[in-house]
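The residues of the chain are indexed from 1 along the displayed sequence. Note: hydrogens, waters and symmetry copies are ignored here, and every other heavy atom, side chains too, is used.
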Amino acid sequence: MRILISGATGLIGTALTARLTADGHHPIRLVRASPAGSDLLWDPAAGSLPGDALDGVDAVVNLAGAGIGDHRWTRAYRAEILASRIAATTTLATAIAETKRPITFLSGSAVGAYGDRGDEVLTERSAPGTGFLADVCRQWEAAATPAGRHGARVVLLRTGIVLASQGGALGKQLPLFKVGLGGKIGSGRQWWSWITIDDHVAAVARLLGADVDGPVNLTAPNPVTNAEFTTVLARVLKRPSFLPIPAFGPKLVLGWQLAEALLLDGQRVMPEVLANDGFHWDQPELAPALRAILGR
C-alpha cells in the first residue's frame, strides 16, 4: 500500500513509518520542513497540501498536532493544541473528499474524548465526556468527517498512554523512579489506559486493511490505576515507590489544567473494537510490557 503519514516525525509516526516499511508498504511522510527522499512538504496551518499528494495513495494516517504535554497550558498554547489538530485534519479530509476515491483515512484522537469518568468502564460506544481534552477530541474527530461523506473509510484513533523506551509519558517518569523517588500521583485511584508503542503501531497497521470504521480505542485490554502503574514500574526497576506525589506538586510544576488532564484525571478504557476484530496484543499485561520496554 502507498500510505501518506502526517506527524510522521513524532514518537508514534517514526515507529509507524518503520513498521510499515518493514511490512512492505510505501509510507510517504508529510513534513513541514527539510523534506528528504519521498517526503512531501506541506503547510497544514495554511491548508496547503501538494496537488499530487494523494496520487496513487491508498490510505492516509493523520497523527499531526501540537504536543499535549510539551508546554504549560497557557491560553495561547491551548488554542494551538486545538488549531493544529483541526487545521491538519481539515486539510487532509478535504483533499481526500475531493479525490472522490475510497481512500482509507485513519485520523488521530485520544481517550481524553471520554473525559474524567472515575471507575466507569468505557468502550467506543460510551458517550463523550466533558473538559478541555474531550472538547478538543470532539472537534478533532468532527474535522475528519468530510472524507467519510465522500466514500472514504474513516477510523478515529483514540490513543491511550503510549509506553516507549524512547520517550513519551514513561520517559518523563523514569528519572524519578530510577532514583527511588517515584510514587502514586494524588489519590492514585485514577485509571491509566496504556498501550506499548509496538502494539499501537501494529494496531494501526491492522486497521489499514480492517473492515472497521468510526472510533477505535488504541489501548491494551488491561488498564490499571495510577497506584498500580507506579507500583509495577517500581518493582520492574527494583526501586521503592513509597513516596506519593501530592496532587498540588504536578499542579505547581505543570499548571493545574495540564496536571489534572494528563495525570489526575482518568479513563478506564477497553479496546472493544480491536478485540472484536481479532487483534492480538503482544503485551496485554503491564508488568511484562514494562520489562520488555526497559530490558529488565
Side-chain angles (χ1 to χ4, degrees), residues 1-10 12-13 16-17 20 25-33 35 38-66 79-113 124-125 128 133-159 200-201 203-218 273-274 277:
M1 295 177 71
R2 190 174 175 88
I3 303 160
L4 195 65
I5 305 175
S6 70
T9 59
I12 296 173
L16 178 63
T17 300
L20 294 176
H25 297 296
H26 181 198
I28 303 164
R29 305 190 314 166
L30 281 174
V31 298
R32 291 180 295 169
S38 63
D39 293 351
L40 294 178
L41 193 65
W42 77 321
D43 183 356
S48 174
L49 187 70
D52 60 351
L54 294 176
D55 288 358
V57 165
D58 302 292
V60 176
V61 182
N62 174 33
L63 303 173
E80 183 179 345
I81 287 171
L82 176 60
S84 63
R85 284 160 173 75
I86 301 305
T89 306
T90 299
T91 299
L92 292 169
T94 301
I96 292 169
E98 289 174 351
T99 69
K100 296 183 171 54
R101 292 195 293 112
I103 295 174
T104 294
F105 188 29
L106 274 54
S107 191
S109 186
V111 297
E124 291 86 352
R125 294 177 287 111
L133 284 185
D135 189 52
V136 166
C137 290
R138 178 183 58 78
Q139 296 184 61
W140 192 6
E141 293 180 0
T145 58
R149 289 197 295 266
H150 290 81
R153 179 172 64 91
V154 178
V155 179
L156 304 169
L157 306 173
R158 290 183 176 170
T159 295
H200 187 285
V201 298
V204 173
R206 181 185 181 92
L207 289 167
L208 286 168
D211 186 18
V212 167
D213 61 7
V216 177
N217 294 331
L218 292 188
V273 172
L274 280 178
D277 193 56

Engineer: Can you tell me how far the CG atom of Leu54 sits from the CG atom of Leu49, to the nearest 0.5 Å?
Structural biologist: 6.0 Å
Engineer: Only pairs under 3.5 Å count here: list side-chain donor-acceptor contacts from residues 142-158, not counting sequence neighbours, and write none if there are none.
Structural biologist:
from   : atom 1 : to     : atom 2 : distance (Å)
Thr145 : OG1    : Ala142 : O      : 2.7
His150 : ND1    : Pro146 : O      : 3.1
Arg153 : NH1    : Leu207 : O      : 3.2
Arg153 : NH1    : Ala210 : O      : 3.0
Arg153 : NH1    : Val212 : O      : 2.7
Arg153 : NH2    : Thr104 : OG1    : 3.4
Arg153 : NH2    : Leu207 : O      : 2.9
Arg153 : NH2    : Leu208 : O      : 2.9
Arg158 : NE     : Glu141 : OE2    : 2.8
Arg158 : NH1    : Tyr114 : OH     : 2.9
Arg158 : NH2    : Glu141 : OE1    : 3.0
Arg158 : NH2    : Glu141 : OE2    : 3.4

Engineer: Between Ala64 and Trp140, what is the shortest heavy-atom contact and its length?
Structural biologist: O-CZ2, 4.3 Å
Engineer: Return the CG to OG1 distance between Leu30 and Thr9, rounded to the nearest 0.5 Å.
Structural biologist: 10.5 Å
Engineer: Would you say that Ile12 contacts Val204 through its side chain, given a criterion of any heavy-atom pair below 4.5 Å between the two side chains?
Structural biologist: no
Engineer: Atom CD1 in Ile86, atom CD in Gln139: separation rounded to 0.5 Å?
Structural biologist: 5.5 Å
Engineer: Atom SG of Cys137 and atom CZ of Arg85: how far apart are they, to the nearest 0.5 Å?
Structural biologist: 8.0 Å
Engineer: Quick one: closest heavy-atom pair of Ser6 and Leu92, and the distance?
Structural biologist: OG-CD1, 3.8 Å
Engineer: Check side chain to side chain contact (heavy atoms under 4.5 Å, CB included) between Arg2 and all other residues, then give those that pass, not counting sequence neighbours.
Structural biologist: His26, Ile28, Val57, Asp58
Engineer: Are the side chains of Pro44 and Arg32 in contact, using a 4.5 Å heavy-atom criterion?
Structural biologist: yes
Engineer: Which heavy atom of Asn62 sits nearest a heavy atom of Ala88, and at what distance?
Structural biologist: OD1-CB, 4.2 Å
Engineer: Any side-chain heavy-atom pair from Val216 and Asp277 closer than 4.5 angstrom?
Structural biologist: no
Engineer: Are the side chain of Ser84 and the backbone N or O of Ile81 linked by a donor-acceptor pair below 3.5 Å?
Structural biologist: yes
Engineer: Could you state the interatomic distance from CD1 (Ile5) to CG (Leu40), rounded to the nearest 0.5 Å?
Structural biologist: 11.5 Å
Engineer: Does atom CZ of Arg101 have more than 12 heavy-atom neighbours, drawn from other residues, nucleotides or ligands, at distances under 6.0 Å?
Structural biologist: yes
Engineer: Please give me the minimum heavy-atom distance between Ser38 and Pro27, naming the atom from each residue.
Structural biologist: OG-O, 4.1 Å
Engineer: Can you confirm whether Asn217 sits close enough to Val273 that some side-chain heavy atom of one is under 4.5 Å from a side-chain heavy atom of the other?
Structural biologist: no
Engineer: Starting at CG of Leu218, measure out to OG of Ser109 and round the result to the nearest 0.5 Å.
Structural biologist: 9.5 Å
Engineer: Please report the closest heavy-atom contact between Ala205 and Leu20, naming both atoms and the distance.
Structural biologist: CB-CD2, 4.2 Å
Engineer: Taking C-beta and beyond as the side chain, do Leu16 and Leu63 meet within less than 4.5 Å on heavy atoms?
Structural biologist: yes
Engineer: How far apart are the closest heavy atoms of Trp42 and Pro50, and which atoms are they?
Structural biologist: CB-CD, 4.2 Å
